[in-house]
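Lettering of chains follows the sequences in order, A, B, ..., and the numbering in each one begins at 1.
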2 protein chains.
Amino acid sequence: MITNKLKKVSLKSTFQRENILEYIISRKEHPTADMIYQYMLTISPCISKTTVYNTVKSLNKTNLIKSIKFLGKDEIRYDGTVDAHHHFLCEKCGRIYDIEIQCQHFKKENIDGHKINNVYAYFTGICKECKK
Amino acid sequence: MITNKLKKVSLKSTFQRENILEYIISRKEHPTADMIYQYMLTISPCISKTTVYNTVKSLNKTNLIKSIKFLGKDEIRYDGTVDAHHHFLCEKCGRIYDIEIQCQHFKKENIDGHKINNVYAYFTGICKECKK
DNA sequence: TACCAAGTTGTAATGATTACAAACAAACTA
DNA sequence: TAGTTTGTTTGTAATCATTACAACTTGGTA
């Protein structure tokens, strides 16, 4: 439950936070800050965009959500699925799919002498819907 | 030779283009637009930043260079090495290293029914220099 | 219930990138 | 080699996502 997730990471439970987190997790669209803002306006007409940015920053820092960024797109997208996975971005419709592949490099701790902390990867192409 | 590279992709050969391309290829720093601009100022004091942006866009479109973008950094970096490879970003010093690993997904043409055109990936952590 | 640290709001600033129009130059043609 | 055309460069102004900041408000503890 959403409130517990916030409690677990010591974030105060507010209407804005609960609904923003719920929105990101339940919809699978990997929304942008503006999409979150547009949705929040419908249930909280006075919300500020700054609140959206503050909130996703907190949620991201406490690992309740993840951020993703694609080349050529200048906005950050937010992902409520936090376990290791990749993404697929459709070049035609812009939809973003979660990709559950396991890469052999995912668990490496060292490459070329560098200590690895994080792995980011995504694919682009034409999605199965657009191929039809 | 730089001039030939431009000819091959039917880009007119200009002082600005040759030097910007040469700079990106010869230095291995994966420079930002501003780094390129600062360098170009030293050999062409009247160059415009717009020229830098126009040029990297052309070079990128014709595959003479590649663009890279990292989460949390809001600038694009340019890479003169165009064959398939990944990157490592040091979280401490910001240096970017080319990573020559071959991923098993690199040559896949289909994942989950989506047609794959491109693969982007990078690692972050502490580089071997900063570990010392 | 009162208090205070933390959260929210609105406005203004930032900074990378793009739009646009005028001036200019590369390279082809005669 | 000069003229022409088309693509390039330049500078300024605009854009747009995101952040800074300061005043106001609220959650949750004592």
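The distance between atom CD1 of B/Ile47 and atom C1' of D/dT8, rounded to the nearest whole Å, is 11 Å. Rounding to whole angstrom units, CG of residue A/Leu6 and C1' of D/dG28 are separated by 14 Å. Atom CZ in B/Phe70 sits roughly 17 Å away from atom P in C/dA16 (whole-Å rounding). Between B/Met40 atom CE and D/dT8 atom P there is a gap of 15 Å when expressed in whole angstrom units. In this structure, A/Glu18 atom CD and C/dT8 atom P are separated by 11 Å, rounded to whole Å. For the pair B/Leu21 CG and D/dT8 C1', the interatomic distance rounds to 16 Å; values are reported in whole Å. The distance from atom NZ of A/Lys73 to atom C1' of C/dT17 is 16 Å, rounded to the nearest whole Å. For B/Leu41 and D/dT10, the CG to P distance is 10 Å, given to the nearest whole Å.
A donor-acceptor pair shorter than 3.5 Å can be found between the side chains of A/Thr124 and A/Glu91. Side chains of B/Thr3 and B/Glu18: a donor-acceptor N/O pair is present below 3.5 angstrom, by distance only. Side-chain polar atoms of B/Gln16 and B/Thr51 form no donor-acceptor pair below 3.5 angstrom.
Comparing A/Cys46 and A/Ser58, the nucleotide of DNA chain C nearest to each residue sits closer to the 5' end for A/Ser58.
Using cut-offs of 30° and 60° for the angle between ring planes, the A/Tyr122 and A/Phe70 rings count as perpendicular. Between B/His114 and A/Tyr97, the ring planes are tilted. Angles from 30° to 60° get that label.
A sub-4.0 Å separation between OP1 or OP2 of C/dT9 and a side-chain N or O of A/Gln16 is present.
Over its full length, the helix from C/dT1-D/dA30 to C/dA30-D/dT1 turns its helical axis through 30°, comparing axes from the five pairs at each end and rounding to 10°.
Put simply, B/Met35 and B/Leu64 are part of the same group of oily side chains (I, L, V, M, F, W, Y) that touch within less than 4.5 Å, one to the next.
Under the salt bridge (charged side-chain N to carboxylate O under 4.0 Å, His left out) criterion, A/Lys131 pairs with no residue at all, not counting sequence neighbours.
Not less than 6.0 angstrom separates the ring centroid of B/Phe123 from the ring centroid of B/Phe88.
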* To do: Quick one: do A/Asp34 and A/Lys49 satisfy salt bridge (Lys or Arg N to Asp or Glu O under 4.0 Å)? Show the steps, please.
  => CA-CA 8 Å; A/Asp34 192 63; A/Lys49 215 162 201 182; 2.7 Å; yes
* List the protein contact pattern of nucleotides 15-27 of chain D with one symbol per nucleotide (5' to 3'): B for base contact, S for sugar-phosphate-only contact, - for none; contact means a heavy-atom distance under 4.0 Å. => --SBBBB-----B
